Q: 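My structure is below; once you've seen it, I'll send some questions.
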Amino acid sequence: MFDIRLLRSEPDLVRAAMEKRHTKVDLEGGLEIDAKRRTLVYEMEQLRAEQNAASQEIGLKKRAKEDASEAIAAMKAIKDKIGALEEQVREVDAQLQSFLLTLPNMPAEDVPLGKDDTENRVERVWGEPGKFDFEVQDHVALGEGLGLLDFECAAKLAGSRFCLSRGAIAQLERALINFMLDIHTREHGYMEVLPPFMVNSDSMQGTGQLPKFAEDLFKLEGTDYWLSPTAEVPVTNIHRGEILKEEQLPIYYTAYTPCFRSEAGSYGKDTRGMIRLHQFNKVEMVKFVRPEDSWEELEKLTQNAETILQRLELPYRVVTLSTGDLGFCAAKTYDLEVWLPGQDAYREISSCSNCVDFQARRANIRFRRGKKPEFVHTLNGSGLAVGRTAVAILENYQQEDGSVRVPTALQPYMGGLECITAG
RNA sequence: GGAGAGGUGUCCGAGUGGCUUAAGGAGCACGCUUGGAAAGCGUGUGUGCGGGAUAACCGUACCGAGGGUUCGAAUCCCUCCCUCUCCGCCA
């Protein structure tokens with residue numbers, strides 16, 4: 001959530017930030033509502049103070065068995081005035097809230113300026129795309145060739161944008177989940193959590209999916225349950241409404257969850273294969289940290305995600321999202337893009353963001369180290385998208401006969417299996 | 001899903017319309033006392049919003065959430081959420 005005080009004191013700063021994002025917002029309108037609200041609140045509270053004083057006197061008179069009917073009659077008039085003001089305050093409050101809730105975070109200083117993903121900045125490249133002396137297949141051809149990926153059956157079970165995996169490919173995803181969680185918990189210091197996969201509207205608002213992006217989500221009819229689009233939602237909301245002790249920070253959580261996304265507005269994009277599904281598996285990392293530590297923590301978080309790709313020996317690069325490509329809550333985001341020979345391109349496999357205090361304000365997550373509680377900074381990153389990692393393994397480790405080698409680091413998680421063959 | 005009992009501050013716990021701007025206790029912080037500690041004594045101890053100098057302080061709201069009745073609500077009424085016990089159903 002946006003800090004209204006920042007908008008009040010530094011409107012030009014905020015305006016510049018919104019322009020960088022190419023987000024059109026009526027800041028003057030918001031400031032007007034804010035000013036109106038403060039006037040009304042002040043007026044209302046003056047009357048309430050009067051009412052409280054009068055009520056106390058009425059109480060005293062009643063106890064002394066004196067007549068208080070005159071005072072009571074006078075209070076009736078004030079009551080109506082207060083009621084009318086309450087109504088108005090409620091209205092402007094709602095207006096201000098909806099204004100603030102739809103304002104995106106401000107990009108950090110060092111985020112490259114750009115209109116969209118074509119202007120992201122490549123930070124570093126790891127590994128080299130492999131050379132193949134045969135014609136490479138994409139993961140769909142490979143998976144279907146092996147008889148282990150079945151999109152047709154998934155369409156029968158659910159519809160388009162779903163996938164059914166069988167045998168060694170189903171095991172591959174399960175192995176990857178364990179592999180990733182083991183590294184994050186044993187080597188990177190994260191606490192594993194297994195959260196609900198459905199969440200309520202309050203949680204969705206806390207992490208910024210609502211109210212603005214409802215069309216990207218699945219909602220369960222007749223309930224207040226939403227299918228979580230990422231573990232970031234349930235895990236960040238673990239500490240919603242809490243005041244943490246400074247000694248508790250930093251908190252690192254990692255979680256495996258399936259993720260559900262409606263992918264509205266992406267019709268026609270990535271229709272083939274496992275790249276863009278309504279349901280996919282992901283291991284997520286979430287951090288709660290002190291404000292002064294969050295930038296260093298973002299670097300570490302990104303490293304943690306990179307470690308997984310390095311152990312799997314998958315070539316990738318790291319890009320910083322430009323201001324036009326940045327997500328709603330993020331102040332800065334690094335995307336990890338893995339090399340996919342079948343597409344002859346780098347494709348996003350992880351997104352690591354520092355949300356600074358933006359989600360903490362929405363979800364009211366604070367910590368105490370002085371008299372006043374302060375907002376924590378929250379970070380999140382995929383570590384990694386499991387389905388896309390499976391795709392990357394299939395395509396990068398493919399052999400001429402259509403079989404797929406299992407990365408060395410993953411073999412212990414696959415019962416020692418070295419190669420996935422048709423079966 | 002059905003029946004019943006509950007939800008009060010960091011915690012325990014009192015409180016069924018007005019000396020409650022939430023009693024009392026525990027915890028915590030600071031001070032006194034002590035050779036040191038404990039005990040004892042004293043003081044303080046939440047959050048949001050508005051005003052004010054980003055102070056002191058003042059006002060206001062908050063007793064699961066949201067409405068309502070009333071001059072006045074932790075207390076009465078309505079709706080919802082959660083927890084516990086029993087039954088049903090299931091994994």
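In this text the structure is predicted, and so the values were computed from the model without any measurement.
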Q: Watson-Crick or G-U wobble partner for B/A3, using a 3.5 Å limit on both distances?
A: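 Paired with B/A3, as far as the under-3.5 Å criterion goes, is B/U85.
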Q: Applying a 3.5 Å limit to both distances, which nucleotide forms a Watson-Crick or G-U wobble pair with B/U34?
A: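 Paired with no nucleotide.
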Q: If pairing requires Watson-Crick or G-U wobble contacts with both distances under 3.5 Å, which nucleotide is the partner of B/G15?
A: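 Check on B/G15: paired to B/U8, both distances under 3.5 Å.
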Q: Using purine N1 to pyrimidine N3 plus N6-O4 or O6-N4 for Watson-Crick, or N1-O2 and O6-N3 for G-U wobble, each under 3.5 Å, what pairs with B/U60?
A: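 Paired with B/G48.
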Q: For A/A71 and for A/N52, find the nucleotide of RNA chain B with the closest heavy atom, then tell me which residue's nucleotide is more 5'.
A: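 The residue whose closest nucleotide sits nearer the 5' end is A/N52.
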Q: For a quick check under 3.5 Å, do A/E192 and A/Y256 share a side-chain donor-acceptor pair by atom type?
A: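 Side chains of A/E192 and A/Y256: no pair found under 3.5 Å.
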Q: Any strand counts, and the cut-off is 3.5 Å on both contacts for Watson-Crick or G-U wobble. Which nucleotide pairs with B/C90?
A: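 Partner of B/C90: none.
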Q: Counting Watson-Crick and G-U wobble pairs only, both distances under 3.5 Å, name the nucleotide matched with B/G72, or none.
A: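 Looking at the geometry, B/G72 pairs with no nucleotide.
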Q: Taking the C1' atom in each of B/U10 and B/C87, what is the distance between them to the nearest angstrom?
A: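 Straight-line distance between the two C1' atoms is 38 Å.
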Q: Between A/T223 and A/E221, is any side-chain donor less than 3.5 angstrom from a side-chain acceptor?
A: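 Their side chains do not contain a donor-acceptor pair, so the 3.5 Å distance test is not met.
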Q: Does A/F179 have its ring centroid less than 6.0 Å away from the ring centroid of A/Y413?
A: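 Under 6.0 Å, so yes.
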Q: With heavy-atom distances below 4.5 Å as the criterion, would you say the side chains of A/H184 and A/I308 are in contact?
A: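 Yes, side chains in contact.
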Q: Pick the C1' atom in B/A29 and in B/G46, then give their distance to the nearest Å.
A: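 15 Å, rounded to whole Å.
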Q: Using the P atom as the reference point in each nucleotide, state the distance between B/U45 and B/G25 in Å, no decimals.
A: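 It works out to 15 Å between them.
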Q: Looking at side-chain heavy atoms only, is the closest gap between A/L101 and A/S98 below 4.5 Å?
A: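 The answer is no; the side chains never approach within 4.5 Å.
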Q: Which is true for A/K62 with a 4.0 Å heavy-atom rule: it touches a base, it touches only sugar-phosphate, or it touches nothing?
A: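 Base, at least one base atom sits under 4.0 Å.
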Q: Would you measure the distance from the C1' atom in B/C57 across to the matching atom in B/A38 and give it in whole Å?
A: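 Between the two C1' atoms, the distance is 39 Å.
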Q: What distance, rounded to whole Å, do you find between the two P atoms, one in B/U79 and one in B/U16?
A: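 Taking atom P in both B/U79 and B/U16, they lie 24 Å apart.
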Q: Mapping A/E45 and A/R38 to their closest nucleotides on RNA chain B, which lands nearer the 5' end?
A: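 It is A/R38 whose nearest nucleotide is closer to the 5' end.
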Q: What do you reckon, is OH of A/Y225 surrounded by more than 12 foreign heavy atoms closer than 6.0 Å?
A: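 Not more than 12 within 6.0 Å, no.
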Q: Reading RNA chain B from 5' to 3', where do the contacts with chain A start and stop? Cut-off is 4.0 Å to heavy atoms.
A: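 Reading along RNA chain B, I get B/G18 to B/G72.
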Q: Scan A/A49 against the nucleic acid and name what it touches under 4.0 Å (heavy atoms): base, sugar-phosphate only, or nothing.
A: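 Sugar-phosphate: the residue A/A49, judged by heavy atoms under 4.0 Å, touches backbone atoms but no base.
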Q: When all nucleic acid strands are considered with a 4.0 Å heavy-atom cut-off, which category describes A/K61: base, sugar-phosphate, or nothing?
A: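 Nothing, no nucleic acid heavy atom in range.
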Q: What contact category does A/Q56 fall into here, base, sugar-phosphate, or nothing, at under 4.0 angstrom with non-hydrogen atoms?
A: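 No contact.
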Q: For nucleotides B/C62 and B/G9, find the distance between their P atoms and express it as a whole number of Å.
A: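 After rounding to an integer number of Å, I get 15 Å for this pair.
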Q: On a whole-Å scale, what distance lies between the C1' atoms belonging to B/U21 and B/C63?
A: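 Each nucleotide's C1' atom is 14 Å from the other's.
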Q: Taking atom NZ of A/K20 as the centre, report whether more than 12 heavy atoms of other residues, nucleotides or ligands fall under 6.0 Å from it.
A: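 Correct, the count exceeds 12.
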Q: Would you tell me whether A/E123 and A/T320 have side-chain atoms, one donor and one acceptor, within less than 3.5 Å of each other?
A: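 A donor-acceptor contact under 3.5 Å links the two side chains.
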Q: Considering every strand and a 4.0 Å limit on heavy-atom distances, what is the contact class for A/R8: base, sugar-phosphate, or nothing?
A: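 It contacts sugar-phosphate atoms only.
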Q: What integer number of Å spans the C1' atoms of B/C81 and B/G24?
A: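 31 Å, rounded to whole Å.
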